[in-house]
Amino acid sequence: MENKPNPLFAQTIIDWYQRHKRALPWRETTDPYLIWLSEVILQQTRVAQGLPYFQRFAEAYPTAQHLAAAPQDEVLRLWQGLGYYSRARNMHHTAQQIVQEYGGAFPDRYDELLKLRGVGSYTAAAIASFAFREKVAVLDGNVFRVLARVFGLSDDIAAPASRKVFQRLADELIPADAPDTFNQAIMEFGAIQCTPVMPDCLFCPLQQSCFAFTHGLVQELPVKSKAKAARPRFFHYMVFEHEGQYYMRKRLSGDIWEGLYDFYLHESDSKILNIATLLKELNDAGIAVQESHLLPPRKEYKHVLSHQKITARFYLIRLDFRLNEEVLQEARLVPYSPEKIEALPKPILINSYLKDEKILLNL
């Protein structure tokens, strides 16, 4: 069963918002660039973690033109630690698209915003409503949860077909005279009041009209099917060092961490490394080392992504010779000093190893 849209819902949410909203810098502006920047950073990132990144990016790149002109390595380095690096690559590309195709000015309509790379329906709705007060409702995890509980929607929010159901309801609820405030309010309500675990139902202004509360279904709604289990991957890194320089490579597209820097990688289906197999692989690649040259790992490093669980081990190999150009080209390796490595964009797992081994100077 589903509750019919309550005409007082929007005003109740907005009134609650005016009393409880958090002071956040992107709420103090109608600049579509800064709003877009905040939305990209906050995708799959908590506000507390994303806020300092927003401040750093806004300072380093105050306009789309500044971001478009920045080298991608610099953008990725500033993003380091946030994860989901495709967001940063898309953001950089979109800034260039805005400069080249729109003269540096953001499109001011929802339909036009959707044409930007990396801008989906949620981000387009957020920019259109917050910056230009267009009457288009946002749908994020918080909004799904509030609508499912208050109006008794049992549609699986992980199913693409369910989006139309929630979007239709949200579009009915959003007031034409305050689309920006309503969108901010319903998201904030889900983040603070109607939380995933232990929502504050006792002091909720929607308590009596909430389907989930009155039917004892607060913990059952929203319905969301389980994601697939993360698949394990085992990375064995060869950290080649010669005369204070470390050989690293830029990761290509088609896998995780595109555009970031790591070391020579041997991936296997086990966390136990077959040394003989590895030495043969290195020898075939023109890197002739003995087993005695391999310093065994001190520890394991783990990193969990949305669908992958990475276990990494690092083998330091101190070379008494410089790798020749043919080997470097074939293995895509480049020697870097610690100072240069500090400036490179790196997966957080690589950065952790470098700091543990005191290879990075900025400790």
Side-chain angles (χ1 to χ4, degrees), residues 10-11 13-14 17-18 21-45 47 50-51 53-70 75 79 86-144 163-164 166-190:
Q11 192 57 52
I13 287 282
I14 290 172
Y17 177 68
Q18 301 297 0
K21 65 180 178 181
R22 292 168 291 181
L24 299 171
W26 48 84
R27 289 179 177 162
E28 308 302 320
T29 181
T30 57
D31 182 343
Y33 168 73
L34 293 177
I35 291 169
W36 166 70
L37 192 63
S38 72
E39 292 300 337
V40 174
I41 289 173
L42 293 177
Q43 289 169 15
Q44 299 168 302
T45 300
V47 168
L51 179 57
Y53 282 88
F54 170 80
Q55 292 168 329
R56 286 197 290 270
F57 267 90
E59 182 179 348
Y61 313 120
T63 68
Q65 288 88 340
H66 287 90
L67 178 56
V75 174
W79 188 272
S86 61
R87 291 183 293 169
R89 293 191 298 270
N90 286 337
M91 187 174 71
H92 188 229
H93 180 278
T94 301
Q96 295 173 335
Q97 183 183 358
I98 289 166
V99 170
Q100 294 163 9
E101 298 178 20
Y102 296 90
F106 262 79
D108 60 2
R109 298 294 299 170
Y110 173 78
D111 291 343
E112 204 56 35
L113 287 161
L114 284 173
K115 298 177 182 178
L116 299 175
R117 180 169 172 176
V119 174
S121 55
Y122 162 75
T123 304
I127 299 169
S129 63
F130 301 156
F132 306 110
R133 304 195 80 226
E134 183 176 353
K135 184 178 178 287
V136 54
V138 297
L139 278 184
D140 72 348
N142 289 319
V143 178
F144 275 117
R163 186 175 189 88
K164 292 182 179 179
F166 284 86
Q167 189 70 59
R168 190 182 311 116
L169 176 57
D171 288 340
E172 289 180 28
L173 294 166
I174 188 170
D177 60 343
D180 50 343
T181 306
F182 174 81
N183 279 338
Q184 291 279 19
I186 192 169
M187 289 193 293
E188 190 78 331
F189 190 83

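Here the structure is a predicted model, which means the values were calculated and not measured.
- Distance alone, capped at 3.5 Å, is enough to place a donor-acceptor pair between the T45 side chain and the I41 backbone.
- Looking at heavy atoms from C-beta onward, D31 lies out of side-chain contact with W36 at the 4.5 angstrom threshold.
- Between K21 atom NZ and T181 atom OG1 the span is 7.5 Å, to the nearest 0.5 Å.
- A heavy-atom distance below 4.5 Å is not found between the side chains of N142 and F189.
- In this structure the side chain of Y102 reaches within 4.5 angstrom of the side chain of K115, judged on heavy atoms.
- V75 places a side-chain heavy atom less than 4.5 Å from the side chain of Y61.
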task: Start with the C-alpha gap between T29 and F130, add the side-chain angles, then the distance that decides, and say whether side-chain contact (heavy atoms from CB on, under 4.5 Å) holds.
output: CA-CA 9 Å; T29 181; F130 301 156; over 6 Å; no

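- Atoms CD1 and CG, on I127 and D108 in that order, are 11.5 Å from each other to the nearest 0.5 Å.
- Within a 6.0 Å sphere centred on CZ of R117, other residues, nucleotides and ligands contribute more than 12 heavy atoms.
- Atom CD of E59 sits in a sparse spot, with 12 or fewer heavy atoms from other residues, nucleotides or ligands closer than 6.0 Å.
- In terms of heavy atoms, W26 sits closest to L51 at CZ3-CD1, 3.7 Å.
- For Y122 and Q43, the side-chain atoms include no donor-acceptor pair closer than 3.5 Å.
- The two residues A64 and A95 come nearest to each other via the heavy atoms O-CB, 3.8 Å.
- Under the 3.5 Å distance criterion, with hydrogens and angles disregarded, no donor-acceptor pair is assigned to the side chains of D180 and Q184.
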task: Starting from the C-alpha separation in whole Å, work towards a yes-or-no answer on side-chain contact (heavy atoms from CB on, under 4.5 Å) for V143 and F166.
output: CA-CA 9 Å; V143 178; F166 284 86; over 6 Å; no

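- No side-chain heavy atom of L42 sits less than 4.5 Å from a side-chain heavy atom of F54.
- Between P175 and I14, the closest heavy-atom pair is CG-CD1, 4.3 Å.
- Put simply, the side chain of F57 reaches to within 4.5 Å of the side chain of W79, judged on heavy atoms.
- Cation-pi geometry between R56 and Y53 is met: the NZ or CZ atom falls under 6.0 Å from the ring centre, inside 45° of the normal.
- In terms of modelled atom types and a separation under 3.5 Å, the side chain of E188 and the main chain of R22 share a donor-acceptor contact.
- Residues A58 and L37 come closest through the heavy atom pair N-CD2, 3.9 Å.
- Panel note: side chain H93, backbone G118; no donor-acceptor pair is recorded below 3.5 Å.
- Side-chain atoms of T30 and R133, non-hydrogen and from C-beta on, never get closer than 4.5 Å to each other.
- For the residue pair D171 and A137, the shortest heavy atom distance occurs at OD1-CB, 3.4 Å.
- The NZ atom of K164 lies 13.5 Å from the CG atom of L139; values are rounded to the nearest 0.5 Å.
- Heavy-atom minimum distance, N183 versus S129: ND2-OG, 3.0 Å.
- One distance of note links CG of L34 with CD of E39; it measures 12.0 Å at 0.5 Å rounding.
- A heavy-atom distance below 4.5 Å is not found between the side chains of Q167 and S121.
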- request: Tell me, with the steps shown, if I35 and F106 meet side-chain contact (heavy atoms from CB on, under 4.5 Å).
  value: CA-CA 11 Å; I35 291 169; F106 262 79; over 6 Å; no

